[in-house]
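In what follows, chains are A, B, ... by sequence order, proteins preceding strands, each numbered from 1.
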Amino acid sequence: MLVYNTLTKKKEEFTPINSPNVSMYVCGPTIYDYFHIGNGRTFVMSDIIRRYLEYKNYKVTFVMNLTDVDDKIIKKANEENLSTAELTERYEAAFKKDIARFKMKPADVYPKATEHMKEIEEVIEKLEQNGFAYNVDGNVFYNIGKFKGYGKLSGKNIDDLEAGARIEINNEKQNPLDFSVWKKSKEGEPSWKSQWGQGRPGWHIECSAMSMKHLGETIDIHAGGNDLIFPHHENEIAQSEAATGKEFVRYWMHFGFLNIDKQKMSKSLGNFFTARDILDQYPAEALRLLFVQSHYRSPINFSRELIESAQKGTEKLDNLGRVLNDGIKKVGGIKVEFDFNKFYSLFSAAMDDDFNTSQAAAVIFDFVREVNKTIAENEDINSDFFRKAKEFFQSTAETVLGIIHFTDLEVKESSNDSEWILEQIELRSKAKAEKNWQLADEIRNSLAEKGVILEDSKLGTTYKKK
RNA sequence: GGCGACAUGGCCAAGUGGCUUAAGGCGAAGGUCUGCAAAACCUUUAUUCGUCGGUUCGAAUCCGACUGUCGCCUCCA
């Protein structure tokens with residue numbers, strides 16, 4: 001299995017430190033607002049990567065941090081007259097709700113900075129001891145000049161950075177590129193007691209401390225959005241490796257941006273969409289398919305048109321899903337030849353190549369066409385075929401990609417008005433048998449008005465809800 | 001200014017040296033099935049991969065130049 005590593009800019013064979021265990025850390029949101037659809041892409045794709053590793057029988061420990069101390073949080077809490085804790089509690093709950101709506105598997109741990117002050121302090125202490133950090137009157141800075149590998153992830157070199165620096169002048173810093181690991185407390189800001197006095201941690205240090213705490217000093221995968229490469233992940237490496245003297249992360253993975261009108265989403269441009277807004281309008285499967293259909297490292301130019309075309313795609317999957325559900329219940333019938341193994345191996349070949357989900361989706365759609373074709377061309381196939389087809393669908397499209405959910409198809413079928421609908425279908429079948437087309441069409445139309453779409457097939461009439 | 005990514009059909013997108021005279025999704029046109037629909041299936045929809053040169057027996061795929069788009073260098077997924 002190949003994974004593209006931002007650190008080496010190459011696809012590398014994936015070999016976990018402690019196979020079959022895999023440690024994976026994903027930079028989660030700052031919980032001061034609803035997360036946007038671009039965050040959603042990152043979260044969903046990291047979910048898919050995790051699920052595929054599990055499909056390959058790796059035992060994954062998946063950690064996603066929630067940043068609950070930082071400038072944005074303090075600012076917003078002040079605006080809304082809330083304590084920072086009240087604010088972050090609210091958005092943590094919203095985050096978990098939205099993650100569930102995206103049908104993501106919950107992380108094993110969602111660590112928060114405020115709950116790891118001891119660990120953070122310990123890392124900073126080590127940095128001081130090792131000579132990588134210096135204290136100026138309660139502000140502790142990381143001295144990037146001391147760390148030889150600085151810039152190895154982002155491909156930047158310190159001289160270039162200094163030349164083009166747009167960084168505010170801060171006389172306390174020895175080098176303008178040095179960054180805070182501990183910030184001295186200011187009036188009206190939350191703060192914690194530490195050996196450097198009251199203060200709060202810098203942004204980058206929390207990920208170093210929490211990654212080490214929950215996954216160990218060297219982990220397999222660390223992932224996040226493209227924009228985190230510099231400075232966030234660069235600084236995490238500098239801190240962690242300076243503190244432990246060990247390699248921090250084996251494989252760095254970064255997700256492409258989701259743009260609106262080819263531009264980065266931002267509040268100031270007014271092209272900002274929260275994930276929950278979009279999820280109110282479209283099913284999670286449609287969004288997941290949209291993300292799946294392009295490679296995780298490429299940018300996506302998000303648009304309504306794009307989601308709608310993905311949604312049509314998921315309807316195609318759902319249609320087959322319903323047919324499979326019905327087919328399984330069949331009794332008798334003939335055996336039919338079908339090369340399921342071919343599709344399994346094409347699917348994993350695609351995913352093994354740096355999670356080529358677009359290719360994997362193509363395999364799924366090829367499978368859909370061939371299954372539909374087999375059903376169309378053969379009379380009376382036995383349930384074994386349908387069962388195997390559903391198995392394939394479940395283990396790939398559902399469990400790994402999450403672009404169809406069989407339980408949802410069933411819920412729609414067995415809602416409380418289903419008995420009445422089945423009666424109507426029965427009436428229509430009788431009318432059809434009597435060639436009373438007018439009555440048959442009336443029934444179909446009245447159901448359609450209620451959002452119930454009928455589909456006639458060899459197996460009888462099925463329905464779905466719009 | 002420094003660093004980097006990308007440019008494939010009407011839209012989206014995979015492919016990165018011969019298996020591809022280019023997957024898959026959406027859309028469009030025609031057809032099969034059906035009482036009619038829907039669903040499904042079949043056929044058609046890029047001799048061509050931003051432009052121009054080069055390397056090679058062979059290039060969308062490698063190299064160079066150019067054009068265009070975007071990102072990072074400041075909080076940011």
Side-chain angles (χ1 to χ4, degrees), chain A residues 6 9 26-30 35-46 70-72 75 151 154-157 159-168 177 203 223-232 234 254-259 262-268 289-290 292-295 297-303 305-320 322-323 346 350 353 356-377 432 435-438 440-441 444-445 448 453-458 461-464:
Chain A
T6 309
K9 296 188 165 61
V26 178
C27 284
T30 301
F35 68 82
H36 58 67
I37 187 67
N39 295 296
R41 180 198 191 184
T42 292
F43 302 157
V44 166
M45 290 316 290
S46 62
D70 97 319
D71 293 344
K72 297 191 295 289
K75 184 163 170 257
S154 55
K156 297 184 187 301
N157 74 63
D159 294 341
D160 288 346
L161 284 168
E162 283 175 357
R166 282 192 271 160
I167 297 164
E168 63 184 292
L177 296 165
W203 174 38
N226 227 324
D227 55 340
L228 294 182
I229 296 173
F230 191 89
H232 187 233
E234 193 69 65
H254 292 93
F255 302 101
F257 261 50
L258 181 148
N259 299 319
K262 297 207 167 173
Q263 276 193 299
K264 185 170 169 172
M265 211 183 317
S266 78
K267 284 185 174 167
S268 52
L289 180 61
L290 186 162
V292 157
Q293 278 183 315
S294 52
H295 189 82
R297 282 187 278 115
S298 310
I300 290 181
N301 199 209
F302 189 74
S303 69
E305 195 192 4
L306 211 58
I307 320 173
E308 277 160 15
S309 93
Q311 191 177 358
K312 287 278 172 52
T314 61
E315 281 166 18
K316 194 169 188 170
L317 304 178
D318 289 349
N319 285 334
L320 179 60
R322 281 187 208 90
V323 169
L346 287 172
D353 183 14
N356 190 336
T357 52
S358 179
Q359 189 74 52
V363 173
I364 302 287
F365 280 103
D366 280 338
F367 174 80
V368 169
R369 195 183 54 247
E370 287 206 29
V371 168
N372 275 324
K373 196 172 164 181
T374 302
I375 294 168
E377 285 175 354
K432 277 175 68 181
K435 295 200 192 289
N436 186 349
W437 309 126
Q438 201 189 336
D441 289 351
R444 185 170 64 199
N445 291 339
I453 311 298
L454 298 189
E455 284 172 15
D456 295 336
S457 76
K458 281 191 280 206
T461 301
T462 59
Y463 71 92
K464 63 179 173 185

Visitor: Among B:A23, B:C72, B:C75, find the nucleotide with the atom closest to the side chain of A:K72.
Guide: B:C75
Visitor: Measure all distances between protein nitrogen or oxygen atoms and nitrogen or oxygen atoms of nucleotides 44-46 of chain B, and list the pairs falling under 3.5 Å.
Guide:
none

Visitor: Looking only at N and O atoms, is any donor in the side chain of A:N259 or the base of B:G71 less than 3.5 Å from an acceptor on the other one?
Guide: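 Not at all, since no donor on one side and acceptor on the other fall under 3.5 Å apart.
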Visitor: Side chain of A:K264, base of B:C70: donor and acceptor closer than 3.5 Å?
Guide: no
Visitor: So is the aromatic ring of A:F35 stacked onto the base of B:A77, judging by whether the centres are under 5.5 Å apart and the planes are under 30° apart?
Guide: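 Here the ring of A:F35 and the base of B:A77 are not stacked, as the 5.5 Å and 30° limits are not both satisfied.
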Visitor: Sort me out a list of protein N/O and nucleotides 37-41 of chain B N/O pairs below 3.5 Å, or just none if empty.
Guide:
from, atom 1, to, atom 2, distance (Å)
B:A37, N6, A:D456, OD2, 3.3
B:A37, N1, A:D456, OD2, 3.4
B:A37, N3, A:R444, NH1, 2.9
B:A38, N1, A:D456, O, 2.8
B:A39, O3', A:N319, ND2, 3.1
B:A40, O3', A:N372, ND2, 3.1

Visitor: Quickly work out the A:F230 CZ to B:U74 C1' distance and round it to whole Å.
Guide: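 Value for this atom pair: 10 Å.
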Visitor: Under 3.5 Å, is there a donor-acceptor pair between the side chain of A:R41 and the main chain of A:G256?
Guide: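 Side chain of A:R41 to backbone of A:G256, a donor-acceptor pair under 3.5 Å: yes, one is there.
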Visitor: Which one, B:A14, B:C36, B:A23, comes nearest to the side chain of A:D366?
Guide: B:A23
Visitor: Does A:S298 place a side-chain N or O at less than 4.0 Å from the phosphate oxygens OP1/OP2 of B:C12?
Guide: no
Visitor: Would you compute the distance between atom OG of A:S294 and atom CG of A:L289 and round it to the nearest 0.5 angstrom?
Guide: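 Going from the OG atom of A:S294 to the CG atom of A:L289 covers 10.0 Å.
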Visitor: Could you tell me whether the side-chain ring of A:F365 sits stacked on the base of B:G24, using a centroid cut-off under 5.5 Å and a plane angle under 30°?
Guide: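 Stack criterion not met.
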Visitor: When the P atoms of B:C26 and B:C70 are considered, how many whole Å apart are they?
Guide: 30 Å
Visitor: Students often get this wrong, so: under 4.0 angstrom with heavy atoms, is A:K312 touching a base, only sugar-phosphate, or nothing?
Guide: sugar-phosphate
Visitor: Name all stems that contain residues of RNA chain B, defined as runs of 3 or more consecutive Watson-Crick or G-U wobble pairs, both distances under 3.5 Å.
Guide: B:1-7 with B:67-73, B:10-12 with B:24-26, B:27-32 with B:40-45, B:50-54 with B:62-66
